[in-house]
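The following block contains the structure, expressed as structure tokens.
This one's a predicted model, so the numbers in the text were calculated from it and none came from an experiment. First listed ligand is number 1; within each ligand, the first listed atom is number 1.
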Amino acid sequence: MSGASPLREAVVDLDAITENVRVLRSRIGTEHLIAVVKANGYGHGAVPVAHAALRGGADKLGVADLAEAHELRDAGITAPVLAWLHDPDADFESAIVADIEIGVSSLDQLQSVIDATTRVGRPAVVHLKLDTGLSRNGVSPDAWPSVTRAARVAEIAGLVTVAGVFSHLSGTSPEADAAQADAFDLGLAEASAAGLDPEFVHLAASGAALTLPRTRYNTVRTGITIYGLSPFSDREPAEFGLRPAMTLRTRVIAVRRIEHGQGVSYGHTYRANGATNLALVPVGYADGVPRQASGAAPVVIGGERFQIAGRVAMDQIVIATGERAVAVGDEVILFGDPASGVPSAEDWARAAGTIGYDIVTRLGGRVTRRYVGQ
Ligand SMILES: *Cc1c(COP(=O)(O)O)cnc(C)c1O
């Protein structure tokens with residue numbers, strides 16, 4: 001690669017991630033905290049985020065699938081890792097060999113894990129997942145007694161250790177989450193009746209962990225909050241003492257001036273209302289800039305806030321800066337820490353009709369990541 005600055009980059013402040021985990025640990029107060037680094041660390045880069053989160057006091061890492069868990073292991077991370085979303089033919093043997101804890105969501109999955117342990121000659125560490133009402137992954141309540149009993153039989157046989165029992169909330173309302181917590185309590189009682197005594201009991205992700213103490217048990221699985229974003233569209237991260245870790249930045253690559261009535265970008269959905277300066281910015285929907293934010297999302301150039309003019313294209317957006325003269329090479333910040341006066345990922349989410357999670361996770365393959373801090 002040349003020494004020139006990258007066309008577009010996501011700057012990730014690893015100190016913010018470490019500090020966010022510290023803040024969460026002290027606010028939530030559970031014995032254990034699983035830092036969720038799935039989907040390439042919500043777009044921030046799984047491996048650097050994992051190191052930063054462990055430094056902040058996370059004692060386990062959570063990912064969706066086994067490939068994500070192996071990526072952490074291949075990078076030399078030895079901390080406990082839990083993966084919970086599996087292909088029907090998932091390779092549990094290499095997961096066991098790599099010391100990956102396995103989330104189990106059905107009797108078939110449990111049997112596959114048990115079969116794998118006999119082939120590798122080592123026990124598996126599993127977390128049994130109960131579906132308490134999200135209607136997605138997890139053992140259905142009617143199958144739960146048989147799954148917990150089978151797991152206990154395998155545990156006595158030395159084939160598995162049931163290290164955890166968990167579930168996931170819908171976040172529909174505090175009442176709906178409380179109903180799921182009731183179902184979870186019932187599931188815990190059934191697990192206990194089957195003879196299980198899991199070390200990790202976890203229900204809450206970021207939202208419930210912050211606001212519903214009853215759902216914390218002894219472990220929480222926090223994702224979005226470690227990146228300094230809010231799980232709630234109507235509450236800012238700063239309310240919880242969290243600081244966004246990612247800044248998406250690029251530079252102006254061309255400028256021009258257009259006259260009143262001139263259209264900009266595909267379909268001319270923007271027409272200049274009076275003469276204006278334009279800045280050409282080299283990011284588009286291929287880079288994760290949502291096309292739904294066309295004509296709506298904010299950016300900051302030279303400390304001043306402007307809006308996208310017209311459609312977001314695959315590689316480019318255009319910013320109308322009015323009479324403000326913007327120069328080729330000026331820095332453009334799409335989003336970052338609003339405390340520094342730039343738009344937040346939440347601002348972008350509102351402009352695009354989505355959530356902050358989607359904004360940071362969707363960055364395309366052309367966006368370079370640069371790490372600062374630590
Ligand atoms: C993604 C995920 C989390 C983390 O959710 P956040 O809202 O980002 O904290 C926790 N648990 C499960 C099962 C998940 O899929």
Hydrophobic clusters join Ile, Leu, Val, Met, Phe, Trp and Tyr when side-chain heavy atoms are under 4.5 Å apart, directly or via other members; which others share one with V372?
->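 The other cluster members (ILVMFWY side chains, heavy atoms under 4.5 Å, direct or chained) are V11.
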Ionic contact status for R22 with D15, cut-off 4.0 Å |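 No, this pair does not count.
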Identified side-chain hydrogen bond (donor to acceptor under 3.5 Å, both in side chains) counterpart of S206 within the set T211, T225, T222 |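 Of all the options given, the one that passes is T225.
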Name the residues in contact with ligand 1, where contact means a heavy atom under 4.0 Å away: which are they?
->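 Its neighbours under 4.0 Å (heavy atoms only) are V36, K38, Y42, W84, K129, H168, A205, S206, R221, T222, G223, I224, Y357, given by chain and number.
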Which residue pairs pass the salt bridge (charged side-chain N to carboxylate O under 4.0 Å, His left out) test when at least one of the two sits in residues 187-209, sequence neighbours left out?
->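 Qualifying pairs, neighbours excluded: none.
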Would you list the pairs meeting salt bridge (charged side-chain N to carboxylate O under 4.0 Å, His left out) in which at least one residue belongs to residues 80-93, sequence neighbours left out?
->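 Salt bridge (charged side-chain N to carboxylate O under 4.0 Å, His left out) check on residues 80-93 returns E93-R119.
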Taking the side chain as every heavy atom from C-beta outward, state whether P123 and L159 have any atom pair closer than 4.5 Å.
->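 The answer is no, as the side chains (C-beta and beyond) never meet within the 4.5 Å cut-off.
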